[in-house]
Amino acid sequence: HPCLRICCYMYCLSYCCVGIHQTPPALIKKPNDMVQLVCTHNLTEYRVMLWYQQPAGQTDMKCIGYINYRDVTVEETYKQNFKISGDLSTSDIKNVSLIIRLTGAQDSAVYYCAARFARLPPPKVKVFKPSTKECQNEKHKKNKKTLLCVASDFYPDHVNVSWQIDGVDVNDGVATDHSAHWNGSRYRITSRLRVLFSQWFKPGKNFTCTVSFFDGEQTVPGKIIQILQFCADKYLKITHNAKLSYLVLIIKSSIYGLFVIILVWKFQVGPKRSSSCLCHEQCSLYET
């Protein structure tokens, strides 16, 4: 079998390359052999590492794939015989492996490892309306409505959740998880705001959930503002329908009452006319 030459280099996609190492520096292998190249560094916030291939006799480099914290992406043309593994989410020394199953001369190349600073995407945030049961319960004006704010799919767990009503920070009625919950790949945190019945059904009220997230470089405020009219609209609609139904009922009752009065009046007047008529007929008969 012909031998394949593999050379390994590293470079940094930012300010410096202090503490970046790649092993082994060179290999000579046969087709169908498995090769593992390891790249390590001690740059705390450099949580993205990439692998490139520079085929023999070419000057351009091709991106094989990269790992961002724990998420691995491999280009389609390399998926069958190349694998990237590692974990850059910890505060320990970062190391990522490139595993290659050699298939032919096209794999004889110089392989580069690169590391760069990772700016993290903000969490996904959603605000949920009060439950249907809470919306239907209108017996006591002191009842409270619960709004739920959920921030998910973020890493690491450096978040802060706060609530505002009409732009003013509120602390009363706020209950936030003591710590974010790990689901195996990302974090998730929930916060609840309980507001008075009168506040919830007051037209034009703005309820805001604000999630601030550290993206690796700075704390970024991510606001989700929703004018939560879900239950209020339903409540007003129910109230309007109830008033309309009550008005129709009153009208029907009035018509029915009028009908009964007329009917009673007819029964009262009817017998008197009959008696008068009978008496008149009898008088006429005697006169005859």
Side-chain angles (χ1 to χ4, degrees), residues 1-124 153-156 183-187 213-218 220:
H1 297 287
C3 293
L4 304 180
R5 180 177 175 83
I6 297 174
C7 296
C8 308
Y9 295 92
M10 73 291 290
Y11 69 100
C12 186
L13 299 180
S14 189
Y15 308 108
C16 62
C17 291
V18 177
I20 299 180
H21 305 280
Q22 184 172 313
T23 57
L27 288 171
I28 297 178
K29 292 286 186 178
K30 296 182 297 184
N32 296 320
D33 283 350
M34 298 294 294
V35 173
Q36 181 175 6
L37 309 179
V38 180
C39 184
T40 63
H41 71 77
N42 56 6
L43 302 174
T44 305
E45 300 304 330
Y46 282 57
R47 299 180 186 272
V48 176
M49 294 182 71
L50 309 94
W51 284 96
Y52 292 89
Q53 180 193 60
Q54 185 180 30
Q58 298 185 22
T59 57
D60 60 324
M61 292 189 297
K62 300 178 181 178
C63 181
I64 299 171
Y66 63 92
I67 182 170
N68 183 358
Y69 280 77
R70 292 181 176 180
D71 294 336
V72 175
T73 300
V74 177
E75 296 296 323
E76 193 65 36
T77 54
Y78 292 97
K79 282 185 176 180
Q80 187 172 354
N81 299 310
F82 290 75
K83 179 182 178 182
I84 297 174
S85 65
D87 183 358
L88 303 180
S89 64
T90 66
S91 58
D92 301 330
I93 293 178
K94 313 295 187 298
N95 71 81
V96 173
S97 295
L98 175 65
I99 301 172
I100 311 169
R101 185 173 68 86
L102 302 175
T103 57
Q106 68 274 9
D107 296 328
S108 182
V110 177
Y111 292 86
Y112 292 86
C113 164
R116 70 174 174 83
F117 176 82
R119 178 165 291 179
L120 305 171
K124 299 176 182 177
D153 292 339
F154 60 90
Y155 187 94
N183 64 9
S185 60
R186 290 289 187 274
Y187 282 100
F213 175 65
F214 182 72
D215 68 353
E217 186 176 37
Q218 60 182 344
V220 180

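Side chains are part of it too, since the values below use all heavy atoms of this structure and drop only hydrogens, waters and symmetry mates.
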Taking every non-hydrogen atom, the tightest pair across Y78 and C63: CE1-O, 3.7 Å

Nearest-0.5 Å distance, OH of residue Y111 to NZ of residue K62: 10.5 Å

Least distance between heavy atoms, P24 atom then L37 atom: CD-CD2, 3.9 Å

Minimum heavy-atom distance between Q53 and D107, given as atom pair plus value: NE2-CA, 4.2 Å

Validation row: T103, P31 side chains within 4.5 angstrom (heavy atoms): no

For T73, side chain to side chain contact (heavy atoms under 4.5 Å, CB included) partners two or more places apart: Y66

I67 CD1 to K94 NZ distance, which is reported to the nearest 0.5 Å: 11.5 Å

Qualifying residues under side-chain hydrogen bond (donor to acceptor under 3.5 Å, both in side chains), relative to Q54, sequence neighbours excluded: Y112

H41 and Y46 aromatic ring geometry - parallel, tilted or perpendicular at 30°/60° bounds: perpendicular

4.5 Å side-chain heavy-atom contact, P123 and Y187: no

Atom pair CG/OG1 of N95 and T23 - distance to nearest 0.5 Å: 9.5 Å

Value rounded to 0.5 Å, distance of CD1 in I100 from CD in Q36: 10.0 Å

Value rounded to 0.5 Å, distance of NZ in K83 from CZ in R101: 13.5 Å

I99, CD1 atom: more than 12 neighbouring heavy atoms under 6.0 Å: yes

Side-chain donor or acceptor of R47 paired with backbone N/O of L88 under 3.5 Å: yes

Reported CD1-to-CD1 distance for the pair I84 and I64, which is rounded to 0.5 angstrom: 7.0 Å

Minimal non-hydrogen separation, A109 against P55, with atom names: CB-CA, 3.6 Å

Over all atoms of both residues, closest heavy-atom pair of K79 and V74: CE-O, 3.1 Å

